[in-house]
Amino acid sequence: MRLENRVVFITGGGRGIGREIALSVAREGADVAVNDIEAAWAAAVAKEIEAMGRRSLAVPGDVTNKAEVERMVQQVVEHFGRIDIFFNNAGIIQATPFLDLSEEEWDRTMAVNAKGVFLCGQAVARQMIKQGKGKIINTSSIASRIGNAYMSAYNASKAAVSSLTKSMALALAPHGITVNALAPGIISTTMWDFLDSRLAQFQNLPPGEPRKRRVQQVPLGREGTPADVARVAVFLASDDADYINGQTINICGGTVMS
Ligand code: NAP
């Protein structure tokens with residue numbers, strides 16, 4: 001029980017990697033506030049956590065809306081009294097060839113993946129400063145480290161997350177708060193189902209082929225699972241990671257080595 005009596009707040013926790021992190025921290029003894037833009041998914045995960053004997057709260061809302069973000073953080077603090085660990089996990093994927101990428105796609109991708117991390121990170125940090133302690137874990141991607149002709153907005157948004165992680169770590173270290181980021185590679189969630197169908201369309205490949213080719217680039221020869229990411233998330237949230245700060249940690253089977 002590495003997180004006994006800790007209060008965890010996670011965005012985009014209704015499914016995929018976020019859901020797995022929410023359940024994993026609860027297994028380690030944490031109480032968990034679960035955000036998702038889909039209220040029903042957040043509620044379902046909160047229910048699963050309560051069934052494990054932990055306290056949980058569903059806090060639906062959109063991470064791109066400042067007023068909603070402030071309301072959600074206030075709701076979590078009113079319910080649990082504090083936030084010890086925060087996962088800035090909500091994200092969306094974009095897949096369109098660079099020359100066809102619309103302004104709307106660019107804006108929405110940057111809004112959820114970059115601005116959402118800023119807004120939530122700032123609101124949670126203000127609470128953690130009052131506590132004199134905390135851990136913030138953003139979700140970047142190995143996409144932050146490379147280019148992609150079909151995912152220029154997504155990759156730029158994740159580069160922003162890794163950069164913001166360093167700036168937040170510097171700004172918040174004097175307050176006893178660490179800030180790190182997870183950088184998953186190809187992880188089996190519905191995000192990749194969507195990506196595969198889009199890439200197949202643009203590259204004139206049969207469905208499933210883009211995903212297969214991507215997996216062939218993974219030295220360990222398999223897709224990652226949400227549990228692969230959640231195990232690292234639990235470690236970064238635990239006291240074992242107290243001296244890790246400002247880092248973006250790859251979880252990608254060796255696809256990227258920097
Ligand atoms: P997912 O299954 O689509 O889960 C993301 C969750 O975030 C969804 O429930 C989504 O709801 C929610 N969300 C989207 N926009 C939101 C908003 N504005 N406010 C609150 N919640 C919102 O994706 P995932 O694969 O678990 O991804 C989780 C994180 O890992 C993302 O940041 C992603 O970029 C990152 N990541 C994923 C992979 C991968 O291969 N899967 C690799 C690297 C990094 P909707 O579905 O309704 O939009």
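We count ligands from 1, going down the list as the structure has it; atoms in each ligand are counted the same way.
Sorted by first and then second residue, the side chain to side chain donor-acceptor pair (under 3.5 Å) pairs involving residues 32-44 (not counting sequence neighbours) form an empty list. Legend: ring-ring contact (aromatic ring centres under 6.0 Å, His included) pairs involving residues 81-116, not counting sequence neighbours, sorted by first then second residue: Phe9-Phe86.
Of all heavy-atom pairs spanning Ser152 and Leu101, the tightest one is OG-CD2, 3.7 Å.
With respect to Glu223 and Arg211, a salt bridge is recorded, a charged nitrogen being found less than 4.0 Å from a carboxylate O. For the pair Lys135 and Asp242, the salt-bridge criterion is met [side-chain N within less than 4.0 Å of a carboxylate O].
Annotation: ligand 1 has protein neighbours Gly12, Arg15, Gly16, Ile17, Asn35, Asp36, Ile37, Glu38, Trp41, Gly61, Asp62, Val63, Asn89, Ala90, Gly91, Ile92, Arg108, Val112, Thr139, Ser140, Ser141, Tyr154, Lys158, Pro184, Gly185, Ile186, Ile187, Thr189, Thr190, Met191, Trp192, each with a heavy atom less than 4.0 angstrom from the ligand.
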Pairs under 3.5 angstrom only: tabulate donor-acceptor contacts from the side chains of residues 110-121 to other protein residues two or more places apart or in another chain.
unit_1 : atom_1 : unit_2 : atom_2 : d
Asn113 : OD1    : Ile92  : N      : 2.9
Asn113 : ND2    : Ile92  : O      : 2.9
Asn113 : ND2    : Ser157 : OG     : 3.1

